[in-house]
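Contents: one structure, followed by commentary.
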Amino acid sequence: MSALPSEATSEATIPRRPLGVMAALQQELGDLLSAMRAEGAVETITHGRRDYHIGTVHGAPCVVTLARVGKVAAAATVSALIHAFDVEAIVFTGVAGGVGSGVHVGDVVVGETLLQHDMNAEPLFPRHEIPLLARSRFDADHALAQALAAACERFIAEEGPELTARFKAALPRLETALPQVHRGLVISGDQFVASAAAVGALRALLPDALAVEMEGAAIAQVCHEYDVPCAVVRTISDTADEHASTSFSSFLADIAGTYSTGILKRFLAGYRPLAR
Ligand code: SAH
């Protein structure tokens with residue numbers, strides 16, 4: 001790295017640590033990588049079979065990567081972001097199954113708390129508790145979650161009518177209502193939930209769950225252990241019932257990227273390093 005000119009202001013001499021931005025699947029990143037390339041040089045480092053792209057997006061220094069699917073994949077990737085890339089915080093963007101009664105396909109859920117619904121070391125530990133950590137729920141960083149939710153609200157206010165027109169065949173509810181932004185509990189497990197019985201069982205056990213996916217709570221656990229702030233935003237691609245796999249596939253192909261692009265653009269443009 002070249003030395004900074006001696007007249008540089010003290011602000012310029014403090015290097016900004018990057019933000020880690022992750023998704024499980026390519027489609028969930030939207031236009032993030034092309035926006036990074038359009039903004040300047042991108043360095044790509046392959047580590048543990050994943051590509052980490054280092055550059056600036058919408059003014060924010062970022063390391064962007066794909067975790068692939070599941071809790072182990074997500075935990076390993078987040079650990080690399082923390083240790084090999086020194087990220088100051090982590091944001092995950094992707095799709096999820098809707099679980100909460102008012103959560104519809106096309107809505108967005110910002111995780112305030114995350115839990116691993118398939119963790120069960122009973123009778124040694126209470127259901128869902130992570131052994132030896134004495135907790136089952138991990139909090140997202142409040143300021144990050146707040147900023148993500150604000151970006152989602154702006155995205156829907158500004159692009160919602162166009163979304164409803166473009167995607168109303170895939171999202172019939174959008175004929176009459178704009179997508180909603182929900183905040184609360186996101187649950188994760190190594191399972192694609194795709195039956196009324198399975199989603200019903202999750203609702204009975206965890207009545208406050210809004211969405212189910214396969215990575216978020218693993219990321220939140222690792223971030224908790226290393227004191228790294230994190231947040232998770234999920235667009236609802238299906239309702240975790242018998243229609244889940246067709247709904248998920250068509251949503252992923254056509255719509256997921258539009259949401260991620262619109263949400264991340266607004267979030268990153270307003271992103272400031274966390275004061276702590
Ligand atoms: N690679 C495969 C499998 C994706 S698994 C494919 O492309 O078809 C589903 C992904 O979407 C996971 O990353 C998970 O976090 C999220 N997801 C969406 N709907 C889900 C549901 N109903 N249950 C669990 N995860 C879901």
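Just so you know, these numbers come straight off a predicted model, no measurement behind them. Note that ligands are numbered from 1 as they come in the structure, with each ligand's atoms numbered from 1 the same way.
With no hydrogens or angles considered, a side-chain donor-acceptor pair links Arg50 and Thr77 at under 3.5 Å.
By the criterion of a heavy-atom distance under 4.0 Å, neither the backbone nor the side chain of His117 is placed next to ligand 1. The proximity of Ser237 to ligand 1, defined as any non-hydrogen pair under 4.0 Å, is limited to the side chain.
In terms of heavy-atom proximity, Val110 sits nearest to Cys152 at CG2-SG, 4.1 Å.
Those atoms of ligand 1 with a heavy atom of Arg234 less than 4.0 angstrom away are 15 (O). Contact atoms of ligand 1 toward Ala240: 22 (N) (distance under 4.0 Å to a heavy atom of the residue). Ligand-side atoms of ligand 1 in range of Ala24: 13 (O), range being under 4.0 angstrom from any heavy atom.
Closest to atom 16 (C) of ligand 1 among all protein heavy atoms lies Val95 O, 3.4 Å. Among protein heavy atoms, atom 13 (O) of ligand 1 sits closest to Glu215 OE2, 2.7 Å. In terms of protein heavy-atom proximity, atom 1 (N) of ligand 1 is closest to Leu25 CD2, 3.9 Å. Summary of contacts: the protein heavy atom closest to atom 19 (N) of ligand 1 is Asp238 OD2, 2.7 Å. Nearest protein heavy-atom contact of atom 25 (N) of ligand 1 is Met214 CG, 3.3 Å.
Distances shorter than 4.0 angstrom occur between a heavy atom of Ala96 and an atom of ligand 1. The shell of residues lying under 4.0 angstrom from ligand 1, judged by heavy atoms, includes Gln191.
At under 3.5 Å, not a single nitrogen or oxygen of Val69, backbone or side chain, sits near a nitrogen or oxygen of ligand 1. Inclusion of Glu213 in the set of residues having an N or O under 3.5 Å from an N or O of ligand 1 is not warranted. Distances between N or O atoms of Val193 and those of ligand 1 include at least one value under 3.5 Å.
Using a 4.5 Å heavy-atom threshold, the side chains of Ile45 and Ile54 count as touching. The shortest distance between side-chain heavy atoms of Val181 and Phe155 does not fall below 4.5 Å. Between Val78 and Tyr226, every side-chain heavy-atom pair lies at or beyond the 4.5 Å cut-off. In this structure the side chain of Val233 never reaches within 4.5 angstrom of the side chain of Phe267, judged on heavy atoms.
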List the atom pairs, with distances to 0.1 Å, where a side-chain N or O of residues 25-32 and a protein N or O form a donor-acceptor pair under 3.5 Å, not counting sequence neighbours.
unit_1 : atom_1 : unit_2 : atom_2 : d
Glu28  : OE1    : Ala24  : N      : 3.0
Glu28  : OE1    : Leu25  : N      : 2.9
Glu28  : OE2    : Val95  : N      : 2.9

Donor-acceptor contacts, no H, no angles, side chain residues 209-225, under 3.5 Å, sequence neighbours left out:
unit_1 : atom_1 : unit_2 : atom_2 : d
Glu213 : OE1    : Ser188 : OG     : 2.7
Glu213 : OE1    : Glu215 : N      : 2.9
Glu213 : OE1    : Gly216 : N      : 3.0
Glu213 : OE2    : Gly216 : N      : 3.0
Glu213 : OE2    : Arg234 : NE     : 3.1
Glu213 : OE2    : Arg234 : NH2    : 3.0
Glu215 : OE1    : Arg234 : NH2    : 2.8
Glu215 : OE2    : Gly70  : N      : 3.1
Gln221 : OE1    : Gln116 : NE2    : 2.8

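Using a 30° and 60° split on the angle between ring planes, Phe85 and Tyr52 fall in the parallel class, below 30°.
Considering Arg183, His182, His142 as possible partners of Glu112, the one that fulfils the side chain to side chain donor-acceptor pair (under 3.5 Å) test is Arg183.
For the pair Arg266 and Glu159, the salt-bridge criterion is met [side-chain N within less than 4.0 Å of a carboxylate O].
For atom 21 (C) of ligand 1, a protein heavy-atom neighbour is found at a distance under 4.0 Å.
Remark: among candidates Phe248, Phe251, Phe192, the nearest residue to atom 4 (C) of ligand 1 is Phe248, based on non-hydrogen atoms.
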